[in-house]
Amino acid sequence: MEPGPRRRRRHSCRPPVSVFLRDPNSGRVYRRGKLIGKGAFSRCYKLMDMSTSAVFALKVVPRGGGGAGQLRTQGKVEREIALHSRLRHRNIVAFHGHFADRDHVYMVLEYCSRQSLAHVLEARQTLTEPEVRYYLRGLVSGLCYLHQRRIVHRDLKPSNFFLNKNMVLKIGDLGLAARVGPGGRCHRVLCGTPNFLAPEVISGSGHSCQSDIWALGCIMYTALTGAPPFTAAPLSEMYQNIRPGRYPEPAHLSPDARRLIARLLAPDPAERPSLDRLLRDDFFTQGFTPDRLPARSCHSPPIFTMPQPL
Ligand SMILES: CC[C@@H]1C(=O)N(C)c2cncnc2N1C1CCCC1
């Protein structure tokens with residue numbers, strides 16, 4: 001009997017995630033809540049600590065039954081845990097613990113009840129300049145912490161910027177993050193298609209802190225105009241626009257915003273501002289930055305009442 005064609009493993013035959021989970025390292029018992037999302041390699045759930053009722057986000061990665069793809073996923077997960085578990089910063093998603101059983105690897109992460117900046121952009125299309133200053137300030141602060149530890153994120157994009165109930169921005173998903181070598185570059189092959197690829201990454205010189213800063217430029221442009229700077233299809237045409245840093249001039253933005261975007265999207269990585277120079281740019285110093293945002297700004301433009309001079 002000829003063996004039939006090997007059936008590709010369908011996702012449906014993934015082992016189930018039990019409702020009660022015990023972290024053997026801490027002894028904590030958690031109750032798994034509803035599924036809040038599915039990625040290519042992971043499923044995410046709401047999670048409650050049974051003894052404190054504290055709520056977390058659980059990221060579950062199945063342990064493969066062998067096979068090349070699984071080995072890569074295992075290495076990837078271990079690297080993400082090794083990197084994320086050592087980080088602690090207000091604008092980085094808190095890592096509360098990890099454990100594994102026969103079928104899965106579990107990561108207990110900070111729960112962000114207002115989802116991500118991608119959801120805000122989906123609801124609002126564009127943000128006001130004060131809101132963009134607010135989000136960029138949190139982003140720059142978290143990114144500074146990563147870059148000081150020689151870690152490049154490599155996949156900065158709105159869906160990786162989570163928002164907690166107080167609208168504090170938290171950089172998450174360090175699955176593609178990597179330590180940069182002494183030359184300040186990371187050449188590890190990227191097993192994901194990052195959104196905002198910098199010219200030097202396309203030309204194969206590898207990721208650096210400056211390629212994260214290019215991504216900030218793409219995010220600032222997208223949040224202010226409602227569309228990414230480089231969108232052409234096919235990919236080859238988009239790359240032809242990225243290399244020289246050619247994007248549609250956002251005419252209706254303020255001159256300070258246009259100038260900062262042009263600096264961040266400089267084709268030469270050495271010309272892009274460093275993170276601390278970024279916060280001293282006129283865009284930040286000449287404009288009002290709110291200390292916090294109202295939750296309603298997730299779906300409608302906030303009205304900032306300036307403190308009136310007495
Ligand atoms: C757990 C995965 C991811 C995440 O990393 N965090 C911190 C998070 C924190 N809070 C809510 N959701 C979070 N997510 C979502 C779940 C579905 C897609 C991404």
Side-chain angles (χ1 to χ4, degrees), residues 11 14 16-19 21 23 28 30-49 52-63 73-74 76-101 103-123 135 138-139 141-143 145-146 151-178 191-196 212 215 219 293 295 297-299:
H11 287 325
R14 278 184 176 176
V17 180
S18 43
V19 176
L21 295 159
D23 174 349
R28 286 197 193 98
Y30 298 100
R31 190 191 186 298
R32 173 174 65 74
K34 62 175 175 140
L35 183 76
I36 50 179
K38 271 163 64 162
F41 305 102
S42 62
R43 278 173 284 174
C44 310
Y45 300 87
K46 215 169 163 181
L47 189 76
M48 184 176 71
D49 180 321
T52 65
S53 299
V55 174
F56 301 95
L58 177 71
K59 191 168 175 180
V60 184
V61 180
R63 297 185 88 161
T73 315
Q74 288 317 326
K76 188 170 161 340
V77 179
E78 261 104 49
R79 204 175 11 248
E80 179 176 348
I81 289 172
L83 209 143
H84 200 163
S85 55
R86 286 179 181 70
L87 306 177
R88 192 173 154 69
H89 184 277
R90 166 182 162 80
N91 297 112
I92 306 265
V93 164
F95 187 96
H96 288 282
H98 66 94
F99 52 97
D101 59 22
D103 300 321
H104 302 101
V105 175
Y106 304 95
M107 280 178 259
V108 182
L109 302 167
E110 176 175 9
Y111 182 65
C112 299
S113 59
R114 300 197 189 278
Q115 298 177 307
S116 75
L117 186 57
H119 293 84
V120 175
L121 284 173
E122 213 172 298
Y135 286 119
L139 254 174
S141 180
L143 203 52
Y145 176 86
L146 289 177
I151 295 166
V152 286
H153 186 283
R154 304 205 300 170
D155 195 20
L156 294 174
K157 57 186 175 180
S159 60
N160 282 342
F161 306 144
F162 298 96
L163 299 170
N164 74 1
K165 64 182 176 310
N166 301 324
M167 296 296 285
V168 176
L169 181 143
K170 311 270 179 177
I171 299 173
D173 197 344
L174 295 159
L176 290 180
C191 47
T193 45
N195 274 45
F196 300 129
D212 273 349
I219 290 148
L293 287 182
S297 69
C298 286
H299 43 74

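Heavy-atom basis, side chains included; hydrogens, waters and symmetry copies ignored. Atoms within each ligand, like the ligands themselves, are counted from 1 in listed order. Treat the numbers as computed from the prediction; the structure is a model and nothing was measured.
The two atoms that bring A215 and L156 nearest to each other are CB-CB, 3.9 Å, heavy atoms only.
Contact annotation for Y111 and ligand 1: heavy atoms of both the backbone and the side chain come within less than 4.0 Å of the ligand. Residue-level proximity to ligand 1 for I36 is carried by backbone and side chain together, each with a heavy atom below 4.0 angstrom.
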Would you please test Y45 and V60 for side-chain contact (heavy atoms from CB on, under 4.5 Å) and show each step?
-> CA-CA 8 Å; Y45 300 87; V60 184; 3.8 Å; yes
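Residues L293 and L163 have side chains not in contact (no heavy-atom distance under 4.5 Å, counting atoms from C-beta outward). Annotation: side chain of I151 is not in contact with side chain of Y145 (no heavy-atom distance under 4.5 Å). S116 is listed as a side-chain neighbour of F162, based on a closest heavy-atom distance under 4.5 Å.
With V93 as the partner, the side chain to side chain contact (heavy atoms under 4.5 Å, CB included) test is satisfied by one option alone out of I171, N160, L109: L109.
In terms of protein heavy atoms, atom 8 (C) of ligand 1 is closest to A57 CB, 3.9 Å. The nearest protein atom to atom 4 (C) of ligand 1, hydrogens excluded, is given as F162 CZ, 3.5 Å; this is a heavy-atom distance. Looking at atom 11 (C) of ligand 1, its nearest protein heavy atom turns out to be C112 O, 3.7 Å. Protein heavy atom closest to atom 7 (C) of ligand 1, with residue, atom name and distance, is V93 CG1, 3.4 Å.
The aromatic rings of Y30 and F99 sit parallel, their planes meeting at an angle under 30°, below the 60° perpendicular limit.
Against a heavy-atom cut-off of under 4.0 Å, E110 is close to the following atoms of ligand 1: 7 (C), 9 (C), 10 (N). Shown in contact with G37 at under 4.0 Å from a heavy atom are these atoms of ligand 1, numbered in order with element: 17 (C).
Within the structure, ligand 1 has C44 among the residues with a heavy atom less than 4.0 angstrom away.
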